Amino acid sequence: MKVRVRYAPSPTGYQHIGGVRTALFNYLFARVNNGTFILRIEDTDRTRYREDALEDIYETFQWLGFHWDEGPDVGGDYGPYFQSRRIEIYREYADKLINTGQAYYCYCPQERLARIRRMQTANKMAPGYDRNCRNITEGERKEYEDKGIKPVIRFKVPLKGSTVFHDKLLGDIETPNEDINPDPVLLKSDGYPTYHLANVIDDHLMLITHILRAQEWIPSGPLHVLIYRAFGWEPPEYCHLPMVMGKDGQKLSKRHGATSVREFKKNGYLPEALINYISLLGWSYDDAREIFGLDELEKIFSLERLNKAPAVFDYKKLEWFNGIYIRKRSKEDIKKMIMPFLIEDGIVRDPLTEEEEKLIDGAVPLIQERLRLLSDAPKLVRFLFGEIDRYNIEEIIPKRLNREKTLNVIHEVRKILVDFGEYSDEENEMRFRGLADKLGVKLGDILMPLRVAVTGTRVSPPLFGLIKLIGLKKVLKRVDSVISLLENQSSE
RNA sequence: GUCUCCUUCGUCUAGUGGUUAGGACACCGGGUUUUCAUCCCGGCAGCAGGGGUUCAACUCCCCUAGGAGAUGCCA
């Protein structure tokens, strides 16, 4: 049987890293098995539905670079892939359950449900529906209908016995039926199905063979199996994936930092870094390798190597992966990718000027291996554009020197800077070493004042490359302003 | 409260009865380097606890503890 798996997000918010991990594992499982990966939009909660959340689903996976074989945008033989367009189907199947006595109408108002829940929690009882309408008479039913009350349809969970379902990761999970959610709603009063009904029907109708979803779904596993049985269907295979947690061990949420893929994108992460890192949350290949591209993962992923325990999301490690992948990219890619960050920072104009373009082209090779996030770029190149507004005297003077000595060093540096452009970086380095020897100081002690003069900071990309990029004229001006700064200081 | 799942360095993990318990991130130290970064070398640090089973348990079983999830006309 051909493997068919699905990712079934609900468009109520932006794509969460945990959901995307589930999507990735489903996708990889499909690829490894030459199967089909399906996207199904579970938009049955019309109160929480958001148009931008739906767009975010498309944008997120577009950006990540993997796609479904069947789905709302690409079509397929088992649509529609929006649950909101399948409500007649759910109604029809819910009716079947009513007719076979495996489901019933419930007319309990929300207030009553809230009341019994309050009562239950107050008495430390398990909260849940009290099955009040499970045995109402046809007369009572008529009465409610005449009053115009819109009923919900509830599933008749067996009162006795137990239900067992098999999980490929966890093994058999057996639950006494009395511990299962007492008669959950299948069809809401607005005619839309709940998750429990819709997912079972759709997975069956769409010929889904394996359900890979997060472990938070384990408790509803037995219920779903019961529903499959009620229809006379065979449930698919289950595999509940370990959850993704925050540093404090709780379910990963905004409290912990970025959680949606679009935030990671905005913060300067690369899609391949995210994919690689995410693939290792609850899964591993062996004891040595952990750098994997999507294409590779599509060949080596396997359920057998899943971990049972939840994984804590480590932003630091993701950053490390990001640095790795930034270094792997071409200069052109990096240029393209840092541009939005430079523009947003107001460092360059939106259509670049020729001058700006030249500076960026020259800067990329200098900063690429220094980036961990694309968003690090602005602070690394800011001094290339515009002026340096202020220097810090203490930063100019090296530890081993005092003000006078530094001033002297800079004067000497200025002399050999004049024909800087005529030499290669290697040659210039020899010249500066020569100067250092002559002055009896360390190379670093003459380059640091120069670095601060040119860049305004002690930490920068390689100095010689920067000097050529900025141009001698500007560099000398900056050196001069540092000289006068030091001189003014001495006259006080 | 009840039910279910989980438990190897701080974090991600390898490990399927006999290993000096391996790797990675982070952290610390050192080297290379004009600073930073990269790169290289080294260090720190772990089998939750208690019982069994066994000649031998991180590995198998039980209990305890801890953590998490579920308990909706949300998914």
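Side chains are part of it too, since the values below use all heavy atoms of this structure and drop only hydrogens, waters and symmetry mates. Note that this is a predicted model, so its numbers are computed, not measured.
Within a heavy-atom distance below 4.0 Å of RNA chain B, the residues of residues 427-458 of chain A found are Glu429(A), Arg433(A), Leu443(A), Leu447(A), Met448(A), Arg451(A), Arg458(A).
Rounded to whole Å, the separation between the P atoms of G72(B) and A56(B) comes to 50 Å. The gap from the C1' atom of G52(B) to that of G17(B) amounts to 15 Å, rounded to the nearest Å. C36(B) and G30(B) are spaced 12 Å apart, taking the P atom of each and rounding to whole Å. Across A48(B) and A75(B), the matching C1' atoms stand 34 Å from one another, rounded to whole Å. Spacing of C1' atoms, A21(B) relative to U59(B), comes out at 11 Å, to the nearest Å. Spacing between C58(B) and C40(B) at atom P, rounded to whole Å, works out to 34 Å. Taking atom C1' on both nucleotides, C41(B) is separated from G46(B) by 24 Å, rounded to a whole Å. Remark: the separation of the C1' atoms in G15(B) and C73(B) is 48 Å, to the nearest Å.
Counting non-hydrogen atoms of other residues, nucleotides and ligands closer than 6.0 Å to OH of Tyr285(A) gives a total of 12 or fewer.
Under the side-chain hydrogen bond (donor to acceptor under 3.5 Å, both in side chains) criterion, His256(A) pairs with Asp248(A), not counting sequence neighbours. By the side-chain hydrogen bond (donor to acceptor under 3.5 Å, both in side chains) test, Glu174(A) is found to be paired with Ser162(A), residues two or more places apart in sequence or in another chain being considered.
Taking the six-membered ring for Trp and the full ring otherwise, the centers of Phe37(A) and Tyr7(A) sit at least 6.0 Å from each other. Taking the six-membered ring for Trp and the full ring otherwise, Phe25(A) and Trp283(A) have centroids separated by 6.0 Å or more. Taking the six-membered ring for Trp and the full ring otherwise, the centers of His224(A) and Tyr195(A) sit less than 6.0 Å from each other.
Of the options Lys168(A), Arg213(A), Gln215(A), a side-chain hydrogen bond (donor to acceptor under 3.5 Å, both in side chains) to His240(A) is made by Arg213(A) and by none of the others.
For residues 446-470 of chain A, the ring pair (Phe, Tyr, Trp, His ring centres under 6.0 Å) pairs, not counting sequence neighbours, are Phe420(A)-Phe464(A), Phe432(A)-Phe464(A).
A perpendicular orientation is assigned to the rings of Tyr238(A) and Phe165(A), their planes being inclined by more than 60° (bins at 30° and 60°).
Cation-pi geometry between Arg154(A) and Tyr105(A) is not met: the NZ or CZ atom fails to fall both under 6.0 Å from the ring centre and inside 45° of the normal.
In this structure U7(B) sits in a base pair with A65(B), meeting the Watson-Crick or G-U test at under 3.5 Å. Base pairing of C27(B): its partner is G43(B), meeting the Watson-Crick or G-U wobble criterion (both donor-acceptor distances under 3.5 Å). For G1(B), the paired nucleotide is U71(B), the pair qualifying as Watson-Crick or G-U wobble because both relevant distances are below 3.5 Å. Across every strand in view, G18(B) sits in a pair with C55(B) that passes the Watson-Crick or G-U test at under 3.5 angstrom. Applying the Watson-Crick and G-U wobble criteria (two distances, each under 3.5 Å), C36(B) pairs with nothing in any strand.
Note on Pro9(A): nothing from the nucleic acid sits closer than 4.0 angstrom, heavy atoms only. At the heavy-atom level, Val152(A) lies under 4.0 Å from base atoms of the strands shown. Across all strands shown, Lys124(A) has heavy atoms under 4.0 Å from sugar-phosphate atoms exclusively, and none from any base. At a threshold of 4.0 angstrom between heavy atoms, the contacts of Pro193(A) are confined to the sugar-phosphate backbone, with no base atom among them. Residue Gly282(A) is classed as a sugar-phosphate contact, given heavy-atom separations below 4.0 Å to backbone atoms only. At the heavy-atom level, Gln110(A) lies under 4.0 Å from base atoms of the strands shown. Contact annotation for Ile218(A): backbone-only contact, meaning every heavy-atom pair under 4.0 Å involves sugar-phosphate atoms and none involves a base.
The nearest heavy atom of RNA chain B to Gln215(A) and to Lys251(A) marks one nucleotide each, and the one closer to the 5' end goes with Gln215(A). Two residues, Arg372(A) and Pro242(A), neighbour RNA chain B, and the one matched to the more 5' nucleotide by heavy-atom proximity is Pro242(A).
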Would you tabulate the side-chain donor-acceptor contacts of residues 118-128 of chain A under 3.5 Å, counting partners in other chains and residues two or more places apart, or write 'none'?
from      : atom 1 : to        : atom 2 : distance (Å)
Gln120(A) : OE1    : Gly128(A) : N      : 3.0
Gln120(A) : NE2    : Gly128(A) : O      : 2.8
Thr121(A) : OG1    : Arg117(A) : O      : 2.9
Thr121(A) : OG1    : Arg118(A) : O      : 3.0
Asn123(A) : ND2    : Met119(A) : O      : 3.2

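On the nucleic acid side, RNA chain B has its first and last nucleotide under 4.0 Å of a heavy atom of chain A at G1(B) to A75(B), going 5' to 3'.
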